[in-house]
Amino acid sequence: MTDITNQSLKEIIESIKSKKISSLDLTKSYIKNIEGAKKLNTFVTTTFDQALDKAKEFDSKPNYEQTLPGIPLAVKDLFCTENIKTTAGSNILNNFIPSYESTVTKNLWDNGAFLLGKLNCDEFAMGSSNETSFYGNVINPVGDKLVPGGSSGGSSSALAANLTPATIGTDTGGSIRQPASFTGIVGLKPTYGLCSRWGIVAFASSLDQAGPMTKTVTDCAIMLEAMSSFDEKDSTSINKKKEFYSKNLKDSIKGLKIGIPKEYRVNNMPKEIDELWEKGKKILKDLGAKLIDISLPHTKYALPTYYIVAPAEASSNLARYDGVRYGHRSEKGKDLIEMYENTRSEGFGDEVKRRILIGTYVLSSGYYDAYYLKAQKVRQLIKKDFDDNFTKVDAILTPSTPSSAFKIGEKTKDPVSMYLNDIFTVPVNLAGLPALSLPAGFDKQGYPLGLQLIGKALDEQKILNIGYAFEKNCGFKNKIKKWWS
Amino acid sequence: MSKEKFDYFINGEKGKYEVIIGLEVHAQVLSNSKLFSGSSTKFGAHPNNQVSLIDSAFPGMLPVINEECIKQAIKTGLGLNAKINNYSVFDRKNYFYADLPQGYQISQYKNPIVGEGKVLLDMPYGSKEIGIERLHLEQDAGKSIHDMDPSNTYVDLNRSGIALMEIVSKPDLRSPDEVNAYIKKLRTIMRYLGTCDGNMQEGSLRADVNVSVRKTDDKKLGTRCEIKNVNSIKFMQMAIEYEANRQVGLLEEGKKISQETRLFDTKKNETRSMRSKEDAHDYRYFPDPDLLPLKLEQQLIEDLKKSLPELPDNKKERFIKDYGLNSYEANVLVSEKEISNYYEEVAKLSDKKLAATWMMGDLFAMLNEKGLNISKSPISAKNFAELIQSIKSGEISGRIAKEVFEIMVESGDNPKKIIDSKDMKQQSDPKELEKMIKDILTKNKDKVDQYKAGKEKLFGFFVGQVMKSSGGKANPQLTNEILKKLLKG
């Protein structure tokens, strides 16, 4: 018998709809996989009992009209889930149980899905390797010693290891696309404002965006359809009509213009990345797309700009974790100030502290103009680069990351080399655009590599279409062997 | 009326100093819900019963602007003759405190919703214009309660997130009296507009006071000190008085004033240093990324402009023009919307000038004594107008009117009814009066002779006799005329 958990979300939904499998049996299969995959350290919290109840409930009164009928899903532990512990990978929220459900997860449940558990991530989504989590690093199913990328590392790892049929992450500077690339899956960072931020533990408010992580482009379209919505509770949410991405998925890309930005060819980039890019270009060209060389001149400033804007916002967003109302509170300290100091010293890890310090510094009087204000100006220029080029092209093709998955511990001593991993992903967040990371090939060690398709704001359908056509013609097949159980 | 001269200076050995004052008034916006959440703003609720997940800054919670608060701020801006900014930005002001759940206050820094405006004050030495620098919207913090437990502080977040308007004046105020007039004027304007109830006891109106002094011939402003969070006009005046004299004292000793934030100790009547400029917080303001910049449609501003009620300055002008009041009377009668409404109702039905005199005299004295607001007056405007008309027509004398007034206060009755039932009508029939006076003169022949011999002081005696005999109802003017006529003959 074929293992259902090997299948795509679309296939699983079809199996449920055609009653080939019950929601309960499906759920049990995933629970079995999860229990056998403790080594990967993907889950912070599991909600098996609740999931089994929900599955039974679905089976007794199935509603096949829903987008995600009876589908168990694990989600990144950055989404607040009602009555289920939500940690953001941090000790400071180790005991935090929200009384509310994030809009994005609520949308999933309203579409028929239910929660399987909460997935490990970098602390407050700050990291590119899932090594900053208070709950320990996550292991990439691609290889025993490999990081799964970050910050949505628990999500990428769990999906690649068949511990959930699809999942969601958040992407502030590449936190969906980079781990997707490292584990050979599909990841989409939607247009800023397409998915509500309400109920998601905030890292950098002007950059954070939730998105799907799936095995196929079709699955990605299904998940985006289910999770996105206009939300009055989020002032930055975009008020637009609901789109049906999966129904409208088309594989014809003939005549589309694909921009190839010269600035994404960086020094010391491994040859394999270059070759992968060439392969991607060829596939799209063979499908009838027109390749156009373009320039995004401010790309080189994107990373430093990002590492000013994101920490600045984070330093303020994380001020609420003070031990007064919820979360960890230190028992030590003789007055309010000492309580704050001890609570935050004990509660936050090194990377979070580093970013709070950077953020506090760049916003301080005397430095504000030179750092924060300058960064905001550069951000506008980066956005303008994209706007200018999107009058000429339909989408932009770049590598997702400058390298494949690296070894655990390899970059933890050198934050800057860690930050460099986001070099191709951060410009998109600064510009608020949608971008899709597609598994496209392997390096010489056999580790997966991804290509990134960047679209105009709210042009998700188009990049999904291109990705869909690409996927059919790329022939990528994940080589993961189940070594962990 | 001769105008007084402005005279608030501090005389030192080394010269005469003037006091420069600027106010930052925090006015709580009248609205049902908070600036960025749906929680109620009602005063006096049980601690932490009006707190949403947003007000208490739970993870993932986001602010959403309450449109009502925006409209209230625009209306207030229009009432202050100020420029309304079509583009404004909400910023985060970052600092840690136990009653500030977010770790930052959402405020407006570089781009406030309201720009420069002005307020007119009526001072005994003439009218004076006070410039408004800006008005911006911000969240209130919660309340820390330190005296409920010896080792713990309690926090009440009911106030957390309530909308405040910070109204910043230019340093145009020069005396505690001007501060008093300014605060009262602001309060009047906001009450007319219905944008702030101005209730200082409940903390809906508080102020930070900036004080500096300089020699009268100096052009440059002196170094200022800011006195934080003073919550009554009396305390503001006391604080200014103390602070100005402290600063003059320092200058007289040849010392420098250091810029600092001070607290006013109401028990000791002195200001104390809280923190110096060097220790000032670095609030690390930056635009709140959870909120888009606030862009106002010009149409909204125009619509609000049209919806504004008549404001005190305009009403005052109209009262002077239409009712023949003097500036002082008009000022008093427009000081509260309810008072002006009451007056207009009375004035429409009776003598305008006499109504003003009686309102500002007996009616206000009675309300004051009883601690009542005019809206709770035991005498209705209609009854009060009838009383005024009875005086004006000569039906009753001013003296009797006071008696009728007292009865009206007690019973709430119509004055006509009181006058009729108690037979208090003035005797104004000249023939009857003359008959009565003749009788009195006949009975007091000796006094008449003395009067005619030159003892004119006796005139008062005759008036007294007439009043006594008429039970106080004789029309005084007529009595005088008739007496004079008969005594001549």
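All figures in this text were calculated on a predicted structure; none of them were measured in a lab. Letters go in sequence order (proteins before strands), and every chain restarts at 1.
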Pick one of side chain, backbone, both or neither for A/Ala312, based on which atoms fall under 4.5 Å of a heavy atom in chain B. backbone
I need the residue from A/Arg320, A/Met339, A/Arg197 with the largest number of non-hydrogen atom pairs under 4.5 Å to chain B. A/Arg320
Mutual orientation of the aromatic rings belonging to A/Tyr100 and B/Phe58 [parallel < 30°, tilted 30-60°, perpendicular > 60°]: perpendicular
Cut-off 3.5 Å, no hydrogens considered: what does the side-chain donor-acceptor table look like for residues 59-74 of chain B, sequence neighbours left out?
from	atom 1	to	atom 2	distance (Å)
B/Asn66	OD1	B/Glu68	N	3.0
B/Asn66	ND2	B/Ser33	O	3.1
B/Asn66	ND2	B/Ser33	OG	3.2
B/Asn66	ND2	B/Lys34	O	3.1
B/Gln72	NE2	B/Leu30	O	2.8
B/Gln72	NE2	B/Gly194	O	2.9

Between B/Glu226 and B/Lys228, is there a salt bridge with N-O shorter than 4.0 Å? yes
Under a 4.0 Å N-O cut-off, is there an ion pair linking A/Lys332 with A/Glu346? yes
For the residue pair A/Tyr326 and A/Phe96, does the interplanar ring angle fall in the parallel (under 30°), tilted (30 to 60°) or perpendicular (over 60°) class? tilted
Pair count under 4.5 Å, heavy atoms only, with chain B: among A/Leu93, A/Thr86, A/Asn317, highest is A/Asn317
For the interface with chain B, which of A/Ser316, A/Ala319, A/Ser206, A/Ser365 has the highest count of heavy-atom pairs at distances below 4.5 Å? A/Ser316
Is there a donor-acceptor contact under 3.5 Å from the side chain of A/Ser237 to the main chain of A/Asp231? yes
Lys/Arg N to Asp/Glu carboxylate O, A/Asp171 vs A/Lys189, below 4.0 Å: no
Give, as side chain, backbone, both or neither, the part of A/Ser102 having an atom under 4.5 angstrom from any heavy atom of chain B. neither
Residues of residues 93-109 of chain B near chain A, each having a heavy atom less than 4.5 Å away: B/Asn94, B/Phe96, B/Tyr97, B/Ala98, B/Pro101, B/Gln102, B/Gly103, B/Tyr104
Can you tell whether the side chains of B/Glu166 and B/Arg134 come within less than 4.0 Å, N to carboxylate O? no
Of the listed residues (A/Asp335, A/Leu336, A/Leu373), which shares the most heavy-atom pairs with chain B below a 4.5 Å separation? A/Leu336
Any side-chain donor near an acceptor of the partner, B/His26 and B/Gln28, under 3.5 Å: no
Using non-hydrogen atoms and a 4.5 Å limit, figure out which bit of A/Glu232 sits close to chain B: side chain, backbone, both or neither. backbone
In terms of heavy-atom proximity below 4.5 Å to chain A, should B/Ile54 be classed as side chain, backbone, both, or neither? neither
Heaviest contributor of heavy-atom pairs below 4.5 Å to chain B, chosen from A/Ala202, A/Ser364, A/Cys80, is A/Ser364
Greatest number of non-hydrogen atom pairs under 4.5 angstrom with chain B, of A/Pro98, A/Ala88, A/Ser235, A/Ser99, falls to A/Ser235
Which atoms of A/Val324 approach chain B - backbone, side chain, both or neither, heavy atom under 4.5 Å: side chain
Is A/Tyr321 close to chain B through its backbone or its side chain, or both, or neither, when contacts mean heavy atoms under 4.5 Å? side chain
Which label fits A/Tyr367 and A/Tyr371: parallel for a plane angle under 30°, tilted from 30 to 60°, or perpendicular past 60°? tilted
Is the closest basic N to carboxylate O distance between B/Arg206 and B/Asp140 below 4.0 Å? yes
Shortest non-hydrogen contact from A/Asn107 toward A/Ser229: ND2-OG, 2.9 Å
